[in-house]
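Throughout, protein chains are lettered first and strands after them, A, B, ... in sequence-line order, and every chain is numbered starting at 1.
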Number of protein chains: 2
Amino acid sequence: MSTPDRSLPLRERKKQRVRRTLSDTALRLFLREGFQETTLERLVDEAEVSMRTFFRYFPSKEHVALAAEGELWEAFVADLCGREVHGTLLAVLRESMLDSIRDMGEDWERRFIATRGLAARTSVLRDFSELSSIRVQRQLVEVLEEKLGIDGREDVRLRLVGEFALSAWRCGAKNWVRGGRQYGKGRGGRAELIRRVAEAFDAIPASLTMTAPHREGDPEPDVITSA
Amino acid sequence: MSTPDRSLPLRERKKQRVRRTLSDTALRLFLREGFQETTLERLVDEAEVSMRTFFRYFPSKEHVALAAEGELWEAFVADLCGREVHGTLLAVLRESMLDSIRDMGEDWERRFIATRGLAARTSVLRDFSELSSIRVQRQLVEVLEEKLGIDGREDVRLRLVGEFALSAWRCGAKNWVRGGRQYGKGRGGRAELIRRVAEAFDAIPASLTMTAPHREGDPEPDVITSA
DNA sequence: AGGACAATGCCAGTTACTGGCACATCAGTT
DNA sequence: AACTGATGTGCCAGTAACTGGCATTGTCCT
């Protein structure tokens with residue numbers, strides 16, 4: 001339940017505590033009673049802050065539910081900003097993303113797993129989560145444009161690379177949730193998440209040339225046409 | 001402003017007319033006064049239906065604004081369902097998407113352009129549009145799973161292919177809007193859209209191996225590492 | 001013409017979210 | 001310790017998207 005850093009000014013510590021109380025309480029209530037079913041009124045009552053204050057910390061009900069995910073994206077963008085770019089851009093994004101996951105605090109893992117479990121059974125949160133990933137992709141491209149001096153509008157490839165990185169994330173994360181459920185506790189931790197996302201990144205080249213498997217009754221396939 | 005098909009039963013024609021009135025009025029009002037600024041009350045008043053009826057036609061304010069886009073996705077999924085799969089999946093998706101754009105009705109083009117212009121200056125609509133594209137991607141993968149007898153959870157590549165197709169769409173459409181604005185009227189039509197999306201599809205392979213351009217002051221780049 | 005069914009309108013309610021202002025709390029200064 | 005400016009919080013009243021229920025109207029079929 002990590003206490004705020006002692007060295008920070010009192011005011012700052014207090015803010016962090018409020019924020020944390022809100023997202024923890026939210027996660028607890030949402031998991032127990034459902035996201036849609038829990039009203040914000042109930043939440044702010046439980047967390048003992050006014051509704052007005054809630055909205056000073058989170059811009060929406062969805063944001064507080066997926067706070068852990070938001071923190072990851074913040075870290076990811078920050079990591080990318082301070083990273084030297086060598087080799088293929090896709091490889092850079094891959095490393096940056098994996099490192100970001102690795103470097104999240106100890107407590108983050110637990111919260112993120114809960115968050116994902118919640119999203120898995122709440123369609124509006126699934127939507128919101130995917131939307132967030134697209135927003136991150138936009139930021140990503142902006143960072144790269146800045147770093148490389150390329151205009152993403154001139155060179156389509158830049159945007160595409162951004163898309164692919166987040167595509168890999170979405171696929172990896174999706175399979176991670178599923179795997180976690182299937183193999184019970186112990187699995188489904190951070191290491192497994194990293195493995196899944198890396199796996200998705202690595203599958204990218206092969207997916208481009210993927211063809212329909214030959215099933216009985218099908219006519220003979222033509223020569224493979226250009227992608 | 002295309003009148004509903006004479007052969008359809010009266011009831012059906014009436015429904016189509018209401019639907020059309022709603023989306024046309026919405027587009028007109030939103031373009032003139034802004035999406036956020038126009039309340040649904042104003043819209044249903046203008047279209048002369050009750051608010052309750054509005055929600056029987058469109059599940060949200062966003063949906064009516066982006067109705068034209070929704071129609072495209074509907075057509076796309078339908079096209080893919082009735083399509084034989086030969087060659088690489090990505091090529092199939094590419095053709096299916098381009099054909100769908102080509103086959104949309106005459107009137108669609110005008111509405112779609114307006115729709116996109118609106119989305120370009122309304123952040124919540126941009127978000128919603130991208131979210132829609134992700135939803136389509138989900139459907140797409142389901143269709144392919146069905147057709148090919150592959151489980152997307154077993155083979156990551158399937159989901160990735162779906163992601164790439166819609167990535168290409170997003171990039172292509174984005175550049176299309178920009179290009180349309182830049183070169184004035186005449187350009188920015190359907191043919192141009194198709195060209196842009198095709199261009200994005202074609203840039204996919206090259207984007208995987210894209211590296212940072214060499215800028216003065218940079219150290220010598222290493223050998224390209226594996227993606 | 002008349003019954004079945006589909007679409008619409010009306011009304012009253014819920015809930016996420018916002019602006020404005022008064023009040024409280026904290027940091028730095030004297 | 002009191003003073004001050006800044007920063008954070010609570011309260012209140014409001015808006016606007018969306019929903020359920022039921023009576024009413026319109027369309028189809030025989």
Problem set entry | Angle of first-five versus last-five pair axes in the helix from dA1(C)-dT30(D) to dA27(C)-dT4(D), to 10 degrees | 20°
Exercise. Under the side chain to side chain donor-acceptor pair (under 3.5 Å) test, which residues partner S123(A), sequence neighbours left out?
Worked result: none
Seminar exercise, completed: Sequence neighbours excluded, the answer for side chain to side chain donor-acceptor pair (under 3.5 Å) partners of R28(B) is E46(B)
Interatomic distance where [atom1] belongs to [X] and [atom2] belongs to [N] [whole Å]:
X: F55(B); N: dG13(C); atom1: CZ; atom2: P; result: 19 Å
X: H63(A); N: dA16(C); atom1: NE2; atom2: P; result: 16 Å
X: F35(B); N: dA17(D); atom1: CZ; atom2: P; result: 8 Å
X: R42(A); N: dT15(C); atom1: CZ; atom2: P; result: 13 Å

For this session: State which residues pass side chain to side chain contact (heavy atoms under 4.5 Å, CB included) with V18(B); sequence neighbours excluded, sorted by chain then number.
Result: L22(B), V49(B), Y57(B)
For this session: Under the side chain to side chain contact (heavy atoms under 4.5 Å, CB included) rule, collect the residues that match up with E199(B), sequence neighbours excluded.
Result: V156(A), R195(B), R196(B)
For this session: Return the set of residues passing salt bridge (Lys or Arg N to Asp or Glu O under 4.0 Å) with E37(B) (not counting sequence neighbours), or none when no residue passes.
Result: none
For this session: Kindly write out the residues that satisfy salt bridge (Lys or Arg N to Asp or Glu O under 4.0 Å) with R170(A), not counting sequence neighbours, or none if the list is empty.
Result: E163(B)
Seminar exercise, completed: For nucleotides 8-16 of chain D, 5' to 3', base contacts (B), sugar-phosphate-only contacts (S) and non-contacts (-) with protein non-hydrogen atoms under 4.0 Å give SBBB----S
Problem set entry | Any residue meeting ring-ring contact (aromatic ring centres under 6.0 Å, His included) with F112(A), in chain and number order, not counting sequence neighbours | W108(A), W176(A)
Exercise. Is the closest basic N to carboxylate O distance between D45(B) and R42(B) below 4.0 Å?
Worked result: no
